[in-house]
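This report refers to the structure that appears directly beneath it.
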Amino acid sequence: MRGADALGKAQTGTGKTAAFSLPLLTKLDLSQRKPQAIVLAPTRELAIQVAAEMKNLGKNIKGLKVLEIYGGASIVDQMRALKSGAHIVVGTPGRVQDLINRDRLHLDEVMTFVLDEADEMLNMGFVDDVTEIMEHAPESAQRVLFSATMPPMLKNIVERFLREPVTIDVAGKNHTVDKVEQQFWVVKGIEKDEAMSRLLETEETDASIVFVRTRQDTERLADWLSARGFKAAALHGDIPQSQRERTVDNIKQGVIDILVATDVVARGLDVPRITHVFNYDIPFDVESYIHRIGRTGRAGRKGKAILLVRTNQIRMLRTIERVTKSSMEEIQLPLRDKVAEARLVKLAAELEAEKEHKAIDKFAELVEKLQESLEIDAATLAAILLKRQQGKRPLFYVGEDPMIAAIERDKQRRKERREGGRDGRDGGRGRSFNTQDWDTYQLQVGREQGVQVKDIVGALANELGLVKGSIGAIKLAQGETYVQLPKAMNSETANKLAKLRIRQKEVGAVVCDFDDFREPRGRRDGGRRDGGYRGNRDGNRDGRRGNGGGYRGNREGGRDGNREGGYRGNREGGRDGERRFDRNRGGDHRGNYRGERGHGRSRRED
């Protein structure tokens with residue numbers, strides 16, 4: 001209200017839209033035809049939703065004009081609407097910049113610029129558009145930026161465009177997680193598609209969103225579910241805008257019950273009917289998980305989130321639990337007979353509703369005719385019709401459920417693990433180093449900032465008081481560094497880590513799912529498979545120089561042609577990354593994401 005520049009750090013579902021809309025609506029001069037406020041949002045869906053919310057909040061303001069502008073819709077219509085006047089413009093950066101360049105969107109009367117979900121805007125590659133638009137902002141305009149996280153690129157924009165901003169941080173406590181019941185199922189016995197079908201049939205859902213990682217999977221899974229009688233539709237960035245709007249409208253109206261979506265398109269989506277979020281694929285980071293489950297449990301309602309997780313992804317699940325300070329309950333899928341029972345109950349309810357239908361007498365006559373012509377009794381005819389009615393969703397199963405054998409195998413493995421743990425408790429740390437005792441942190445400094453591994457080790461030792469044995473693997477990359485630190489850090493050390501600076505730069509340490517501390521390909525001498533600082537931690541410099549393991553041997557660029565110290569195969573999308581993707585049995589495309597991080601948008605949802 002005072003007009004000061006502001007930086008709001010807040011998670012999804014905390015009321016950001018109202019926080020900037022109400023003051024804007026209060027300060028409008030309705031006689032002014034040029035836009036007085038510009039709100040930038042990362043996706044079309046979010047722009048539409050923010051504009052709709054603003055219109056709703058200002059429904060009693062006579063003559064209020066809020067205009068949404070985004071790609072995929074007619075630019076001619078948008079230019080016409082701008083010409084007739086708008087008080088507030090809500091848009092995506094690309095289309096806003098386009099209209100400024102065409103001299104159709106004038107910013108000389110703009111009092112307030114709002115960047116909503118700013119971190120996601122930059123993740124999607126809008127940094128140049130956002131920068132150009134901000135450069136057009138009048139000197140006197142208030143600049144307000146909302147973001148859940150604060151990556152280095154965003155800090156640059158804050159430092160460049162915001163003048164002594166007031167910082168409001170409500171990200172510390174996440175109320176989204178409190179309102180959502182969280183469960184997970186470890187993939188075993190059956191495929192994830194079949195698991196989704198069982199969950200959708202036995203959970204008491206109204207509407208659901210199923211999150212997958214790729215656009216192809218949205219289409220495939222939506223088709224698979226539709227073929228089995230579910231009212232499902234896909235939602236991703238390649239679908240034309242008009243169809244995307246229709247799909248969102250369809251789930252609001254009850255025409256469809258299940259959205260199969262990628263992260264970005266469903267970001268900010270607010271549909272009161274959504275009772276369940278299913279994470280078909282585990283997300284890449286905790287922030288995405290929070291955004292996903294924030295699609296349910298909104299505005300004080302209860303919601304439920306169920307995660308399908310492979311055994312090699314349990315570590316990421318534990319990371320999510322720790323960062324969100326919540327606990328997920330492990331569940332078993334309902335067995336096939338339970339699913340068949342649920343179908344029978346549903347069918348009985350549907351038939352019950354038809355008992356009093358006025359046309360029943362006519363159908364009874366048909367039954368008699370069919371009995372005569374087919375020479376069968378009524379019970380056989382009813383059975384035939386029931387079979388046709390159920391199609392691909394049988395009311396009973398023949399043979400053993402594969403889940404039963406999987407559950408038994410799982411019990412046996414756990415038993416053996418417990419016994420093995422008792423026998424070999426003192427047999428050295430072995431593989432547990434990477435999983436049970438350590439968290440991997442991403443630090444927002446790397447080679448680009450002139451940082452070397454010795455700087456990381458020195459800072460951790462001097463500032464946090466960590467001894468050599470308390471620093472795990474380190475992988476230095478171009479713009480960031482990955483380091484393993486003990487899970488059992490006390491709160492004082494954790495607080496120091498949150499404020500840590502290396503070479504005068506804040507490192508912004510966050511827990512992440514990176515675990516590729518292996519040495520670069522071709523380095524087989526000495527068997528240093530750990531890579532990173534652990535490559536040879538006993539201080540044997542010759543060992544380090546000859547072997548590298550991602551530390552000295554490769555710090556200067558290495559001779560194996562991998563200039564990024566073995567970082568994720570090949571940061572610019574090279575062959576190592578592709579080869580690792582081909583080997584990825586989990587089907588979650590993580591190898592490709594790592595291998596082609598430099599071209600992340602080509603494979604991930606943009």
Side-chain angles (χ1 to χ4, degrees), residues 3-8 16 20 24 33-48 50-51 66-83 85-165 237 241 264 267-268 448 479 598-602 605-606:
D5 287 5
L7 172 60
K16 287 180 286 192
F20 62 75
L24 286 183
R33 288 165 55 85
K34 285 184 181 176
Q36 293 160 59
I38 303 284
V39 180
L40 294 181
T43 66
R44 303 159 183 181
E45 280 70 26
L46 197 55
I48 292 164
V50 168
V66 179
L67 175 64
E68 53 270 46
I69 56 176
Y70 46 82
S74 165
I75 195 166
V76 176
D77 290 348
Q78 291 171 1
M79 289 193 291
R80 196 178 295 122
L82 279 170
K83 194 172 181 182
H87 300 115
I88 299 173
V89 168
V90 184
T92 50
R95 181 55 63 94
V96 168
Q97 181 58 35
D98 194 355
L99 288 164
I100 291 171
N101 292 343
R102 291 170 185 241
D103 199 30
R104 298 304 176 98
L105 175 56
H106 302 118
L107 308 186
D108 43 316
E109 297 295 334
V110 170
M111 298 183 300
T112 310
F113 270 82
V114 178
L115 268 65
D116 195 14
E117 306 274 17
D119 52 350
E120 189 60 29
M121 250 185 289
L122 303 190
N123 282 347
M124 291 168 64
F126 284 130
V127 64
D128 293 339
D129 286 330
V130 169
T131 305
E132 277 195 56
I133 293 164
M134 295 296 280
E135 281 171 348
H136 283 96
E139 201 54 41
S140 59
Q142 175 186 28
R143 296 102 192 265
V144 182
L145 188 149
F146 288 95
S147 184
T149 58
M150 198 53 59
M153 210 190 305
L154 195 54
K155 284 183 182 166
N156 296 341
I157 285 189
V158 170
E159 286 165 11
R160 183 170 166 190
F161 293 110
L162 270 63
R163 299 148 304 192
E164 297 179 8
Q241 182 59 33
V264 169
R267 193 163 175 131
E448 282 172 0
H599 299 292
R601 292 180 63 207
S602 65
E605 174 66 26
D606 57 16

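Contact annotation: the side chain of M153 approaches that of V127 to within less than 4.5 Å [non-hydrogen atoms, C-beta and beyond]. Looking at heavy atoms from C-beta onward, L154 lies in side-chain contact with L145 at the 4.5 angstrom threshold. Between T43 and Y70, the closest side-chain pair of non-hydrogen atoms is not below 4.5 Å. The side-chain heavy atoms of V114 and L40, taken from C-beta on, include no pair separated by under 4.5 Å. Taking the side chain as every heavy atom from C-beta outward, L107 and P35 never approach each other to under 4.5 Å. Looking at V89 and V39, their side chains never come closer than 4.5 Å, going by heavy atoms from C-beta outward.
Residues that satisfy the side-chain hydrogen bond (donor to acceptor under 3.5 Å, both in side chains) test with D129, not counting sequence neighbours, are absent from this structure. Every residue two or more places apart in sequence or in another chain that forms a side-chain hydrogen bond (donor to acceptor under 3.5 Å, both in side chains) with R80 is listed here: D77. In this view, Q241 and R44, E245 satisfy the side-chain hydrogen bond (donor to acceptor under 3.5 Å, both in side chains) rule, not counting sequence neighbours. Legend: residues meeting side-chain hydrogen bond (donor to acceptor under 3.5 Å, both in side chains) with Q142, ordered by chain and number and at least two apart, are T112.
The heavy-atom pair separating P42 from F126 by the smallest distance is O-CE1, 3.5 Å. Taking each heavy atom of E68 and A51 in turn, the nearest pair found is OE1-CB, 3.8 Å. Heavy-atom minimum distance, E448 versus G479: OE1-CA, 3.9 Å. Minimum interatomic distance between T92 and G71 (heavy atoms only, all atoms of both residues): OG1-N, 3.8 Å. Contact detail for L105 and I38: the closest heavy-atom pair is CD1-CD1, 4.3 Å. Contact between L99 and M79 at its shortest, heavy atoms only, is CD2-CG, 3.5 Å.
We find the CD1-CG distance between I88 and L67 to be 11.0 Å, quoted to the nearest 0.5 Å. Annotation: the span from Q36 atom CD to E109 atom CD amounts to 7.5 Å, rounded to 0.5 Å. In this structure, CG in L115 is found 9.5 Å from OG in S147, a value given to the nearest 0.5 Å. In this structure, CE on M121 lies 8.5 Å from CG on L46, to the nearest 0.5 angstrom. Interatomic distance, CG of L162 versus CD1 of I157, reported as 10.0 Å (0.5 Å rounding). Taking CG from D108 and OG from S140, the interatomic distance works out to 10.5 Å, rounded to the nearest 0.5 Å.
For residues 133-157, the pairs satisfying ring pair (Phe, Tyr, Trp, His ring centres under 6.0 Å) are F20-F146, with sequence neighbours left out. Listed by first then second residue, pairs satisfying salt bridge (Lys or Arg N to Asp or Glu O under 4.0 Å) with a partner in residues 133-157 read E135-R160, K155-E506, not counting sequence neighbours.
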TODO: Quick one: do I75 and R102 satisfy side-chain contact (heavy atoms from CB on, under 4.5 Å)? Show the steps, please.
DONE: CA-CA 11 Å; I75 195 166; R102 291 170 185 241; 3.5 Å; yes
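A side-chain donor-acceptor contact under 3.5 Å links R33 to the backbone of K83. Distance alone, capped at 3.5 Å, places no donor-acceptor pair between the D5 side chain and the E164 backbone.
Checked by atom type, the side-chain pair E132/Q97 shows a donor-acceptor distance below 3.5 Å.
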